[in-house]
Every structure is written in C-alpha cells, then in structure tokens.
Enquirer: 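Below is one structure. I have some questions about it.
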Amino acid sequence: MNNSKTPSLWSSGEPFIWLTGGALALSLIMVAGIMLLIIYSGMGFFWPRTLHTYTLKNGKVYLAQLIEREARPKSDDKEPDTFRIKIKQANRSLQNPTDFLWIDEADIAKDELNGEAVVLERRAWGDFYGYFQEIREEGKPLAKGSAETQAVLERELPKITATFDEIYRIERYEVGGNSEEQFKINTRLRVLARDGITSGPEVDRLNDKLKKLQEEYKAQEAELASLRSSMKTEVVMRDAQGRETLMPLSNIVHYYGPNAMGFFQKIGHYFSKVGEFIFDNPRESNTEGGVWPALFGTVLMVIMMSVVVTPLGVIAAFYLREYAKQGTFVSIVRIAVNNLAGVPSIVFGVFGVGFFIYFIGGQIDSFFFSDTLPTPTFKTGGILWASLTLSLLTVPVVIVATEEGLAAIPNGMREASLALGATKFETTWRVVLPALMPSILTGLVLAVARAAGEVAPLMITGVVKLAPTLALDGSWPFLHLDRKFMHLGFHIYDVGFQSPNVDAARPMVFTTSLLLIIIVVCLNIFAISIRNRLKKKFATSAV
Amino acid sequence: METEPKTQDRTGELANPARPFVSKTLKSPASRRMVDTLARHVVTLGGVTIIASILAILFVILYEVVPLAIPAKSALKESVPALAPDAGTRLLGVDVDEYQEIATLVTTKGISFYSLKERKELPAPEIKALKGARIVSISPLGRGPFLIGTSEGKLIPVKVNYEVTFVQSVRHVEPNLVESDPIELESDEPLGPLGPLAYLDEAHQVAVAQVGPQSLAIASISIRKNMMTGKEVKEASTQTVKLPIEGEITAFAMDNRHDNIYAGTSKGQVVRVNVSDLDAPTIGLSGQVTSGPNVPVTKMVYLLGDRTVAIGDAEGNVSTWLQATGAGQTHPLLPVNRFQKHDSAVTAIAICKRNKGFVTSCANGGINLHYSTTGETLIDMGRPGQGVAALSYAPKADGILALDAAGALHLFDLHNPHPEVTLKSLFGKVQYEGYKEPEYVWQSTGGSDDFESKLSLTPLIFGTLKASFYALFFAIPIALLGALYTSQFMHPSIRDYVKPTVEIMAGLPSVVLGFIGGLWLAPAVERVAPGIFLLPITLPLTILAALLAWRALVPVGVRLKVRPGVEVLLLVPVVLVGLLAAFWLGSVVEHTALNGDYRGWLSKTLHLVYDQRNSLVVGLAMGFAVIPIIFTISEDSLSNVPKHLSAGALALGSTRWQTATRIVLPTASPGIFSAIMIGFGRAVGETMIVLMATGNTPIMDWSIFNGFRALSANIAVELPEAPEHGTLYRVLFLAALLLFIMTFIVNTIAELVRLRLRKKYRFI
C-alpha cells in the first residue's frame with residue numbers, strides 16, 4: 001500500500017468500527033455455537049449408530065459404536081498426526097464397569113460391519129452389544145441361530161413386557177395403595193394409644209381392617225411372585241469375544257440391529273426413541289429411559305405458579321398505576337419492585353425455606369397433621385412451596401409488564417368510558433382489562449420462561465432426584481401439594497454432576513438441555529412476538 | 001385493512017342503543033357505586049398486601065439472622081444450701097444431669113446426690129471399694145466415667161447414670177452410681193490432691209495421678225479377653241515420672257488420645273510429658289504460661305475435642321493454648337486467646353460438651369463464661385456466693401451449676417445458642433485447632449462428633465467477587481463493543497435480527513450454561529488454554545488484517561456494493577478464523593515456549609495449579625449469562641441518544657467513529673454504567689453456573705486457574721442439610737442477606753442513574 005492511504009484509514013476510524021463489529025460477531029458466534037452444540041449433541045443421542053467390529057493387531061475384538069475421533073497428543077511437532085478413537089463397547093457388568101474405551105487407530109487391524117449385530121437395551125446395566133445365539137424357555141431351546149431367535153423374540157418379548165408392566169402396576173398402585181392405607185391405620189392407632197385408648201370398638205375395627213389389608217398384601221405378594229416366575233424365557237447372547245451370556249427377557253426393554261437398518265428404518269427408530277425419551281419413566285438412576293416425570297413436574301409446577309402469579313401481579317400493577325396516588329412513595333415502591341427482579345433467585349429460595357416451609361409449613365403440620373408428627377407433611381420441601389417461591393420470584397416480571405401495558409393504553413380510552421358514565425371499576429373491567437390482556441399474557445409468558453429455567457431456588461424448596469409418585473395422580477385429592485417433584489433443570493444438574501457414570505449420561509443430559517431450551521426459547525419467542533404485535537397495535541390506535 | 005373491521009365493531013357496539021354498555025345486572029347507580037368502592041378497596045388492599053409481602057422478604061431473612069447477633073444471656077435460677085461442710089471437708093466436684101434436676105456432689109467424705117427440683121438431699125450412694133477411706137482427688141466430671149483417688153492410694157472408676165423414666169407423662173430422673181474394680185497404683189508415695197486423670201474405654205484404661213509434689217504416676221491397664229475361656233485378663237503397669245521442675249505440680253491435663261500430659265507448676269510453668277508410649281513416658285519442653293515465676297498455674301483443662309488447653313492462674317488470668325508443632329519450638333504450647341481476667345485465683349474450670357465454650361470461677365466467687373475459638377468472654381455471671389469450689393456445665397449447654405465454698409448450689413439458666421458466631425469469626429481470621437495460623441475458613445460439617453464448624457463468610461464473598469470479576473472482565477468488552485456497533489454502525493435491516501438473537505442468549509437457563517461450562521467447556525478450555533490467552537491479541541490482528549485485505553484486494557466496485565453496516569456478516573468468518581488461529585498459535589507457543597505442557601510450566605514457573613473447573617471456565621460460561629444483559633441495556637441507552645446530536649456531528653464533518661466515541665458514548669455513559677451494574681448484579685447472584693463449573697472449594701486465591709466457592713452456590717448446597725434454626729442455618733440466611741443487599745444496592749444505583757438519564761434527555 002502507498003503511504004498516503006494508511007493514515008487516512010486510521011483517522012477514518014474504520015479499523016475500530018471493524019473491531020466493534022468483530023465483538024458483535026464473536027457474541028453471535030457464541031450464541032450460534034452453543035445452540036448448535038446442544039442441538040447437535042442432543043439430537044444425535046437417538047440416532048442408531050452402527051456397530052463396528054474392531055479387530056486389533058493383538059487379536060482383541062470389540063463390538064462397539066464409534067463415539068469420537070481425536071488426534072493423539074504429540075510430544076514433538078515433527079511427528080506425523082496419529083488418531084485415536086473413543087468407542088462405546090457397552091456390556092457393562094461387575095467385571096467391566098465402564099462403557100467407554102480409547103483405542104489407537106494404528107492398532108486396528110480390521111474394521112467390519114456385521115449385519116447380525118444387535119443392541120439390547122437392558123433394564124439394568126445399560127446396553128448390551130452382541131449377536132443372538134439361541135432362545136430358551138425353561139432351559140429348552142425354542143430356536144437357534146440369529147434370524148430364528150430374532151423371530152421368536154419378536155413374538156415373545158411383547159408378552160414379557162406386558163407381564164413386566166403388570167408387575168409394575170401392582171407394585172406401584174396396589175401394593176403402594178395398600179401400604180398407604182396401613183400407614184394411615186397405624187397412625188390412627190398410635191394416636192388412640194397416646195390418648196390411652198388401646199381397646200374398644202374403634203380399635204377392634206381398625207385392627208380388623210389392618211388384618212384384612214395384611215392378607216391382601218400377602219395375596220398381592222403371591223401374585224407378584226407368580227408373575228415374576230412366569231417370565232422364564234431367556235435369550236443366549238454371544239458377545240464380540242465369543243462368550244455366551246444368558247439374558248432373561250425380563251431384562252430387555254428393546255432390541256434393534258443398527259447395521260441391518262435402512263435409512264427410513266433408522267428414522268422410524270429415531271422418532272420412537274424421541275417418544276420414549278419424552279413419555280417414559282427414567283431407568284438406572286435417571287441416566288437412561290425417559291424424562292416424563294421431570295417434564296411433568298416442570299410443567300405442573302409452572303402451571304401452579306402461573307395460577308398464583310397472574311392475579312397477584314395484575315392486582316399489584318393496577319394498584320400502582322390506577323389506584324395509588326402517584327408520588328414519591330409509589331416511585332420508591334416501583335424502583336424496589338424493579339430491583340426485586342434483579343435479586344438472586346437463590347435468595348428467594350432461602351426466603352421460601354424460612355417462611356413457607358419452616359414457618360407456614362410448620363403451622364399447617366401442627367394444626368392439621370399433628371398425628372403423623374414428627375414425620376413432616378408440609379414442613380418439608382414440596383411442589384406447593386416451590387411454586388409459591390417461584391411466583392414470588394416472577395411477580396415483579398408480571399407487575400412490570402402489566403404496568404407497561406397500562407401506561408401504553410391511551411388515556412382517551414379511559415376518558416371516553418368515564419365520560420359515558422361508567423364507574424372507574426367498570427372502565428377498568430370492561431375497557432382497560434380487555435385491552436391489557438396481551439400485556440398480561442406477555443408478562444405471564446416471560447414469568448413462565450424465567451421459572452421454567454430456574455433451578456437454584458427449587459433445589460432447596462422441594463425438587464428431588466427421583467420422585468416415587470407424580471404430584472398429580474388418580475388417588476384422592478388428585479393434586480398432592482405436599483409431594484416432592486422432579487424438574488428438568490434439576491435433572492440436568494443431577495445426572496450431569498451427581499451420577500456415577502457421567503460419560504454415559506452426558507448425551508442424555510444434552511438431550512434434556514435441548515428439551516428445556518426448546519421450552520424456554522419457544523416461550524420467549526412467543527412473548528417477544530406478542531410484545532411486537534402489541535406495540536404495532538398501540539402504535540395505530542394512538543394515532 | 002386488518003384494524004378496519006375492529007374499529008367498526010367497536011363503534012358499532014357503542015353506537016347501538018339496544019345493547020347498553022353497562023351490564024343489566026348493575027342497574028341501580030347505588031349498587032354500581034358500591035361495587036366501584038368495593039373494587040377500589042380490594043385493589044388497594046390487595047396491592048398494598050402484595051407489595052408489602054414482596055418487601056417482607058428482607059424482613060423474614062433478617063428475622064432468621066438477628067438471633068446470631070443477640071449476646072448470650074444467663075440468669076441465676078436458684079440458690080440452695082445443699083451441703084454443710086465441716087472444717088476438714090474439701091469440696092471436690094459437682095455434676096448435673098441434662099434436665100438439671102439432680103446434682104452430684106463429690107467431697108472428701110464421699111459422693112452425694114441432691115435433687116434441685118425437690119430441693120432435698122437424696123440417699124447417698126455407697127462406694128464399696130472406698131471401705132471407710134477418704135476421697136483425696138477426682139478426675140474431671142461430666143465426661144462419662146471418672147476416677148476417685150482415695151487416701152489409701154487406690155483409684156476407683158465410677159460412673160453416675162441419670163436414669164430417666166416417664167410415669168403418666170411426668171419425667172422422673174433417678175441417679176445411680178456404678179463402680180468398677182479399683183486400680184492399684186504401684187507407688188510408695190500417697191496420692192496428691194490433684195487428678196487423677198483418666199482415659200477409659202472398654203479395652204484400655206489409662207490413669208494419671210499426682211504422687212508427691214513433683215511426680216506423676218501413670219497407670220495403664222489393658223484388658224484382654226481370653227478367646228478360649230472367655231475370661232478377662234487385666235494387665236497393669238505403673239510408671240512414675242519425676243518432673244524436672246522447681247516448685248510443685250499444681251495442675252495437669254491429659255487428652256483423650258493419651259498423646260500428652262501437660263503439668264502446670266507453682267512457678268507458673270507448663271511441662272509436656274509425652275505418653276503416646278505408655279510404658280516409656282518422655283519429658284518434653286517446658287515454658288512459662290503465667291506472668292511470672294511467682295504466679296502459679298491453678299487449673300488446667302482440655303476443652304471439647306481435646307486439642308485446646310484452658311489454663312487459669314493465681315492472678316485470675318484465663319487463657320487458651322494449643323500444642324506447638326513443627327521444628328525449632330522452644331515452648332510446648334502456643335498461646336491462642338486471653339480472656340477477661342478474674343480478680344482472684346482461678347478455682348474451677350468446667351467445659352461445655354457441645355461446643356468450645358467453658359466457664360471459669362475464682363476465689364472471690366466470680367463466674368465467667370468464655371468461648372475458646374472466638375476468644376470472647378461472653379458473660380460475667382456475677383458472684384452468687386463466696387468463693388466457688390466447683391463448676392459444672394449442663395450437658396445441653398443450657399445451664400451452669402456452681403458449688404460455693406459454703407456448700408450452696410447456684411443454678412444458672414443459660415441461653416447461648418450461637419456462641420461460635422461473632423463478627424470476627426464470620427469475617428475475620430480465626431485460629432482454629434489444627435491450623436498453623438489464624439485463617440479464613442469455611443468448613444461447616446466434618447466427620448467426627450466433636451467437629452467444630454468453621455463459618456467464615458470471607459472466602460465465600462471472595463469467591464462471589466472473583467466469579468463476578470472474571471465474568472465481567474470477559475463480558476464487558478464484548479458486550480459494550482457489540483452494543484456500540486449494533487446501535488451506531490449496523491444497518492437497521494439486520495439489527496432487527498441481531499438483537500433478538502442476543503436476547504435469546506439471555507433466556508438460556510443457567511443450569512444449561514452450567515452444564516455446558518462444567519462438562520464441555522472445562523475439558524475444551526483445558527485443551528486450548530494457552531490459545532485463549534492469545535485471543536485478545538490475535539482476534540484484533542485478524543480483523544485488521546481482514547480490513548486491509550478487503551481494501552487492498554477487493555475491487556472498489558464490489559466494495560461499494562456492500563452497504564455500510566453489514567460488515568458484521570463479513571466478520572463472522574473472519575472471527576472464526578481468528579479463533580482457530582489463536583488456538584493453533586496457542587499450541588505452537590505451548591510447544592516452543594512452555595515445553596509442550598503448559599500445566600507443568602504453570603506449576604513450575606508461576607507455582608499455579610491448574611484445576612479443570614476453574615475461574616476461566618466460569619468467566620466464559622457466566623459471560624453467556626452476562627453479555628446479553630449488558631448488551632441489551634447499553635444498546636438501548638446508546639440508541640436512545642437523540643438523533644440530532646449525532647446528525648449534527650456528522651454534518652460538521654466528523655467520521656462515524658468520531659461521532660460514536662465523542663458524542664454518543666459520553667451521552668450514553670450513565671446508561672452504560674447502569675448496564676454494567678446490572679450485569680454485575682446478575683453475576684453476583686448466579687448460582688447454577690458457579691455451582692457446576694467450579695470445584696466449589698472455598699479457597700482464597702486470585703489465580704484464574706483455580707476454582708472457588710461462591711455465596712450462592714454455598715447456600716444451594718448446604719441449606720438442605722442445615723438443621724432448622726441452627727447456627728449454620730442462620731449463617732446461610734446471613735449469606736442470603738448479604739447477596740440481597742449487594743444486588744439491591746447495585747440495582748438501585750443502576751436504576752437511579754437510568755432515571756436521571758431519562759430526565760436529562762427530556763430537555764435535549
């Protein structure tokens with residue numbers, strides 16, 4: 001370049017503009033990068049990966065999925081690039097506790113695809129990769145050979161799955177209901193004994209009932225035992241090294257042969273896995289199976305929060321904007337409410353613990369549940385306290401949005417209504433409120449988006465790793481406010497950081513993150529689009 | 001077109017006289033007015049209640065915190081004459097049960113029980129092994145079994161059980177005494193008035209007693225069970241140690257691990273006797289612990305945990321000491337704290353069985369309550385009687401029982417729930433047992449029963465500030481430069497897409513950011529760490545190179561077709577190239593300058609440890625949370641600068657950059673300040689990211705390669721485990737209060753600045 005041009009370039013400030021543009025480009029790359037990372041890792045989780053048969057030069061054979069490939073760390077720059085691959089060999093057992101393995105590409109002698117290789121999803125110990133050998137019922141072979149075994153299995157597995165579901169149903173609902181009844185009766189008996197009543201008609205009646213329940217329980221146990229023993233079909237699997245493993249069908253959830261699948265079969269499999277992920281219960285301490293209870297808990301908690309937060313926020317906003325005398329006090333309150341939106345969520349959680357759980361919960365327990373004390377009913381974390389805490393956390397959002405909406409409604413509308421003889425309440429109810437609906441909705445959606453992604457306050461007010469029952473079910477009173485619940489966000493924290501096998505759980509956590517982000521981002525986009533439409537609407541009506 | 005039918009509808013509805021605007025049910029004006037008034041009251045009441053309850057958060061948290069600041073209280077509950085000692089009787093010890101109903105009194109005559117509830121003496125238990133001899137000395141009471149030294153030179157292990165029964169829901173406490181086989185000391189000299197001390201467990205008994213003015217007898221008895229016959233075989237051995245001291249032994253103490261015995265002398269010295277090998281006790285260092293050789297040590301006791309020794313002397317001084325460790329020591333003990341002085345010789349020290357508290361008394365009858373760790377004398381409890389002979393700290397730490405020289409018992413109620421918390425222990429350096437020097441420590445739970453929780457908030461506040469510092473360090477430049485570009489130079493057609501994109505980043509749940517930070521970013525950063533430090537150099541250089549290349553290589557015709565304000569689209573690939581270049585250069589630098597292993601280089605050259613989950617990772621991950629906030633708010637304030645200002649500047653011939661930096665930026669600077677403050681507030685309160693992306697170790701170190709523990713993460717982790725209304729629970733509430741105050745102040749400043757800004761623009 002010639003010399004006269006360079007100074008003019010500097011003084012024009014163009015380089016600085018490019019630098020600022022670079023900063024923006026960097027943040028856009030960051031957003032796009034993190035979204036792509038989550039989408040890629042989260043969506044890839046369900047795709048049936050092919051099973052490679054790796055034969056190493058030292059004669060070892062692995063049947064495994066290829067997870068990632070990376071350059072080996074070099075001690076010297078002059079060395080040629082060598083690569084190693086991470087493979088998932090599954091077949092976890094006591095002898096083989098890890099799923100994953102690194103092998104050097106240089107060590108691989110052969111890499112083949114065997115069409116007969118299958119993936120078994122087991123109820124315990126994760127996946128099993130191998131080949132069908134034989135299927136047996138009570139030790140007698142039903143079929144031999146891969147294709148024949150698969151054909152029989154296709155017939156037998158649904159029966160076993162049905163039995164398994166039946167066992168689950170009996171355990172969960174019948175036995176569960178029975179023990180709940182027994183617990184109630186025992187509590188009642190204890191209360192009576194405390195008051196000095198150890199005999200009499202009521203005690204006899206209760207004891208009779210208890211005896212009946214115990215008999216029922218025995219019958220249920222017997223039925224369970226007979227159901228369990230009815231599942232006698234086993235499949236003999238051969239693994240990559242040629243060892244045979246006997247696997248009861250009751251331990252198998254699904255099976256598929258990824259190498260024999262066509263593209264469309266894979267897509268079909270993909271979507272069935274997505275469905276399973278969303279609608280199934282978790283297995284193996286949340287690292288496998290679905291996230292249904294967490295999704296359900298998140299949604300239910302958010303709905304309960306919305307029911308509380310909407311009227312509270314709207315009334316407070318109406319008070320501040322329409323009814324209170326505008327002045328220094330209201331300005332201070334407004335600033336304080338605005339600032340509350342910036343107070344850390346964990347502080348609200350601490351408030352929830354101190355006020356809702358220990359104070360109000362303690363009061364409720366001592367008035368209504370004194371029989372079961374010292375086992376707490378409401379004086380412990382639960383979905384009610386969690387949603388109340390979150391509604392407190394999000395009420396400033398609703399107040400601010402509603403207030404903005406109130407400010408945007410042209411005064412002419414109110415004045416017209418008042419001039420026609422309507423009272424202030426009638427104006428508010430029939431003119432202002434309908435016009436305000438979109439703003440309230442925006443505020444609510446923003447509140448929901450914030451609440452759905454919030455985890456910290458929930459960790460101390462009632463979220464658990466694994467809730468035995470949903471907070472909403474078929475037994476009276478249907479909505480159990482005192483129950484603990486599961487949550488997608490906490491699920492991410494728990495599986496990603498507390499589970500023993502983080503490597504195996506990581507794809508699952510990415511998928512859960514993706515699900516959570518989809519929910520939150522959709523809610524946000526919904527709110528933004530309502531806001532924009534609202535702005536346009538008032539822009540025209542103000543003219 | 002769309003709004004047209006709507007307006008028609010509305011006008012149609014209003015114009016139609018057949019459909020009255022007001023509902024038919026509200027015809028009478030009176031009832032309408034009533035509803036209106038009612039609504040006003042409901043909304044006002046509801047609004048005020050809601051707003052008050054939101055603001056009540058602060059008060060609820062304060063309510064839980066305030067008890068920490070309330071000082072300990074004691075009150076004399078009752079004074080009863082329990083004994084009438086004659087001239088020859090010495091009062092040796094007193095003990096009380098957990099309900100403070102029964103007092104056990106030990107005198108040279110024997111043991112007796114006194115019911116404080118019924119104010120009467122109970123039948124005295126018989127000690128069979130005593131056989132008419134007198135009691136000479138006893139080991140400290142209140143720690144389970146204790147030893148009685150007799151005038152015949154025997155040591156009798158005894159234990160007082162307070163059996164609690166409920167009859168018709170009324171509590172009844174019955175004391176009884178259990179004695180074991182006496183231990184015979186193989187010593188020629190009679191027992192002195194001190195000790196004997198005991199360490200007793202099932203298989204091993206160690207007893208130490210004073211025999212003669214300068215000697216201690218150490219008896220160890222091991223009980224072995226014969227596997228074949230099931231018979232117990234006792235093996236006893238006694239070692240007599242003559243201490244190389246002037247004067248005589250006036251007090252001694254032994255820890256329950258029987259590592260050391262410390263003997264205090266009439267010359268104010270302390271001698272260490274190492275007894276870890278009971279068969280060969282060795283005499284260690286000695287040193288002065290009182291103000292001079294004419295001030296004798298009068299009392300020595302190990303506090304709970306058996307690490308700290310409390311020493312009282314004839315001048316009334318009370319002090320605590322720890323064993324001096326390490327080479328080159330000249331004194332056996334390390335002074336820790338000095339407490340409020342008594343006006344006469346210390347006569348008794350009783351320790352608390354729940355915390356590091358202890359109570360001392362003096363010859364004039366004064367009683368003081370101290371707390372060892374904080375070094376504070378909590379209460380001067382007054383003088384209930386003339387000269388206190390023995391003291392007992394109630395097992396539940398809720399009372400003190402004193403026995404005065406005249407044989408009267410004085411029972412004090414004690415309310416002291418949070419003795420370990422003072423301003424100093426929360427925010428200052430404290431000398432804890434097992435630490436070389438005073439330090440800021442947060443360690444709330446430990447393995448053993450006598451674990452002392454260390455609740456210094458300083459490392460947590462430090463962690464919070466460290467996280468915010470690194471997050472803002474990374475986020476501010478990117479967010480502000482990006483906002484400047486978006487508001488000043490960007491073409492409006494792409495601005496409509498860019499702003500929502502960045503706003504979506506603000507909506508990302510922090511738990512997801514924490515997960516990405518901890519499980520993806522942390523290992524990734526570990527691979528390319530040197531490259532990250534090169535980014536601030538390579539990125540601008542790449543961009544400048546791209547600009548030069550753009551101007552030099554691309555024909556003018558093509559350049560002019562690109563509208564100004566869309567450079568950012570060209571820059572996305574450029575920045576990507578810059579990133580890759582930085583990482584590549586980083587690995588080159590690592591191989592050439594850092595010996596191919598930057599972690600090794602760090603620890604060797606800079607003595608820094610590289611943790612995988614460190615502040616760098618947190619800074620980057622939290623950047624995702626903070627960038628959109630700072631970006632959005634500062635972009636708003638930059639865009640809100642009145643257009644005629646910048647238009648004027650441009651018309652006068654300044655360049656786009658000059659207009660932006662000299663006109664727009666200064667005008668919007670309060671808004672940018674408030675954006676940074678709000679970003680800071682978010683960083684301070686962020687919980688999940690710091691919880692998941694750091695190691696959560698409460699260390700104090702500015703190193704970017706270390707983790708930390710933040711206030712917020714600490715609350716989330718520890719509150720579920722903290723017992724209601726316990727000290728930890730209240731300290732965690734205090735942590736929440738600090739967070740609340742920090743963010744509230746920061747946000748209020750930001751809000752006020754923004755309001756002022758808005759007012760200012762009204763007149764431009």
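Just so it is clear: chains get the letters A, B, ... in the order the sequence lines come, proteins before strands, and each one is counted from 1.
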Enquirer: If you count heavy-atom pairs under 4.5 Å between each of B/Ile57, B/Leu513, B/Leu569 and chain A, which one has the most?
Expert: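 With the most close heavy-atom pairs to chain A, the winner is B/Ile57.
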
Enquirer: What part of A/Val347 is in contact with chain B, defined as an atom under 4.5 angstrom from a non-hydrogen atom: side chain, backbone, both or neither?
Expert: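 Contact with chain B involves both backbone and side-chain atoms of A/Val347.
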
Enquirer: Need one label for A/Ala449: side chain, backbone, both or neither, based on atoms under 4.5 Å from any heavy atom in chain B.
Expert: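 The answer is neither part of A/Ala449.
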
Enquirer: Is B/Ile627 in contact with chain A via its backbone, its side chain, both, or neither, using a 4.5 Å heavy-atom distance?
Expert: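 Contact with chain A is through the side chain of B/Ile627 alone.
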
Enquirer: Is a side-chain donor or acceptor of A/Lys424 paired with a backbone partner of A/Tyr323 at a separation under 3.5 angstrom?
Expert: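 Here the side-chain-to-backbone pair does not exist.
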
Enquirer: Which atoms of B/Ile516 come close to chain A, meaning under 4.5 Å heavy atom to heavy atom: side chain ones, backbone ones, both, or neither?
Expert: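 Just its side chain gets close to chain A.
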
Enquirer: Given that the side chain runs from C-beta out, which part of B/Val746 has a heavy atom under 4.5 Å from chain A: side chain, backbone, both or neither?
Expert: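 Neither the backbone nor the side chain of B/Val746 comes within 4.5 Å of chain A.
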
Enquirer: Can you say whether A/Glu322 sits under 4.5 Å from chain B via the side chain, the backbone, both, or neither, judging by heavy atoms?
Expert: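 It is neither, since no heavy atom gets under 4.5 Å.
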
Enquirer: Going through the checks in order, is the side-chain contact (heavy atoms from CB on, under 4.5 Å) test met by A/Thr461 and A/Val353?
Expert: CA-CA 6 Å; A/Thr461 54; A/Val353 170; 4.1 Å; yes

Enquirer: In terms of heavy-atom pairs under 4.5 Å with chain A, which of B/Arg682, B/Glu751, B/Arg33, B/Glu724 leads?
Expert: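 Most pairs with chain A among the choices: B/Glu724.
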
Enquirer: For A/Phe497, is it the side chain, the backbone, both or neither that has a heavy atom under 4.5 Å from a heavy atom of chain B?
Expert: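 The side chain, not the backbone.
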
Enquirer: Is any side-chain heavy atom of A/Val509 closer than 4.5 Å to a side-chain heavy atom of B/Phe515?
Expert: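 Side-chain contact under 4.5 Å: yes.
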
Enquirer: First locate atom CD1 of A/Ile399, then atom OG1 of A/Thr394, and finally report the distance between them rounded to the nearest 0.5 Å.
Expert: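 A/Ile399 CD1 to A/Thr394 OG1: 10.0 Å, rounded to 0.5 Å.
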
Enquirer: Indicate the ring-plane relationship of A/Phe490 and A/Tyr493, choosing parallel, tilted or perpendicular according to the 30° and 60° boundaries.
Expert: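 Ring orientation, 0 to 90° scale: tilted.
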
Enquirer: With a 6.0 Å cut-off on ring centres, are B/Phe733 and B/Tyr729 close enough?
Expert: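 Here the rings of B/Tyr729 and B/Phe733 have centres that are less than 6.0 Å from each other.
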
Enquirer: From the options A/Val520, A/Ile492, A/Ile519, select the one residue that forms a side chain to side chain contact (heavy atoms under 4.5 Å, CB included) with B/Pro509.
Expert: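 Checked A/Val520, A/Ile492, A/Ile519 against B/Pro509; only one passes side chain to side chain contact (heavy atoms under 4.5 Å, CB included): A/Val520.
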
Enquirer: What option among B/Leu508, B/Ile61, B/Leu484 has the most heavy-atom pairs under 4.5 Å with chain A?
Expert: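 That would be B/Leu508.
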
Enquirer: Give, as side chain, backbone, both or neither, the part of A/Leu37 having an atom under 4.5 angstrom from any heavy atom of chain B.
Expert: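 The side chain, not the backbone.
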
Enquirer: Between B/Met505, B/Met688, B/Met692, B/Glu64, which has the largest tally of heavy atom pairs under 4.5 Å with chain A?
Expert: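 So the answer, after comparing B/Met505, B/Met688, B/Met692, B/Glu64, is B/Met692.
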
Enquirer: Can you tell me how far OG1 of B/Thr542 sits from CG of B/Leu576, rounded to the nearest 0.5 angstrom?
Expert: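 One gets 11.0 Å once the value is rounded to the nearest 0.5 Å.
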
Enquirer: Using non-hydrogen atoms and a 4.5 Å limit, figure out which bit of A/Leu28 sits close to chain B: side chain, backbone, both or neither.
Expert: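 When you check distances to chain B, only side chain atoms of A/Leu28 fall under 4.5 Å.
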
Enquirer: Does any heavy atom of chain A fall under 4.5 Å from the side chain of B/Val568, the backbone, both, or neither of them?
Expert: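 Both parts, heavy atoms under 4.5 Å.
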
Enquirer: Which one of B/Thr49, B/Ile678, B/Val684, B/Ile715 has the most heavy-atom pairs closer than 4.5 Å to chain A?
Expert: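 Ranked by heavy-atom pairs under 4.5 Å with chain A, first place is B/Ile715.
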
Enquirer: Contact part of A/Ile34 toward chain B, heavy-atom cut-off under 4.5 Å: side chain, backbone, both or neither?
Expert: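 Contact with chain B is through the side chain of A/Ile34 alone.
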
Enquirer: Quick check on B/Ala475 against chain A: is it the side chain, the backbone, both or neither that has a heavy atom closer than 4.5 Å?
Expert: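 Neither part, no heavy atoms under 4.5 Å.
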
Enquirer: So what's closer than 4.5 Å to chain A heavy atoms on B/Ile50: side chain, backbone, both or neither?
Expert: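 For B/Ile50, side-chain heavy atoms alone lie under 4.5 Å from chain A.
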
Enquirer: Return yes if some donor-acceptor pair links the side-chain N/O of A/Ser417 with the main-chain N/O of A/Met413 below 3.5 Å, else return no.
Expert: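 A pair under 3.5 Å: no.
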
Enquirer: What orientation do B/His725 and A/Tyr358 show, parallel under 30°, tilted 30 to 60°, or perpendicular over 60°?
Expert: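 The rings of B/His725 and A/Tyr358 sit tilted, inter-plane angle from 30° to 60°.
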
Enquirer: Does any donor atom in the side chain of A/Glu454 or A/Ser345 lie under 3.5 Å from an acceptor atom in the other side chain?
Expert: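 There is such a pair between these side chains.
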
Enquirer: Would you say B/Thr687's side chain and B/Gly685's backbone share a donor-acceptor pair under 3.5 angstrom?
Expert: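 Side chain of B/Thr687 to backbone of B/Gly685, a donor-acceptor pair under 3.5 Å: yes, one is there.
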
Enquirer: Among the options B/Gly518, B/Ala483, B/Gly47, pick out the one with the most heavy-atom pairs lying under 4.5 Å from chain A.
Expert: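 Heavy-atom pair counts peak at B/Gly47.
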
Enquirer: So which part of A/Ile38 gets closer than 4.5 Å to some heavy atom of chain B, the side chain, the backbone, both or neither?
Expert: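 Side chain of A/Ile38 only, per the 4.5 Å heavy-atom cut-off to chain B.
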
Enquirer: Could you look at A/Leu392 and say if it's the side chain, the backbone, both or neither that has a heavy atom under 4.5 Å from chain B?
Expert: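 Contact with chain B involves the side chain of A/Leu392 alone.
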
Enquirer: Can you tell me which portion of A/Val350 sits under 4.5 Å from chain B's heavy atoms? Options are side chain, backbone, both or neither.
Expert: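 Both backbone and side chain.
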
Enquirer: Can you say whether A/Ile29 sits under 4.5 Å from chain B via the side chain, the backbone, both, or neither, judging by heavy atoms?
Expert: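 Side chain only.
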
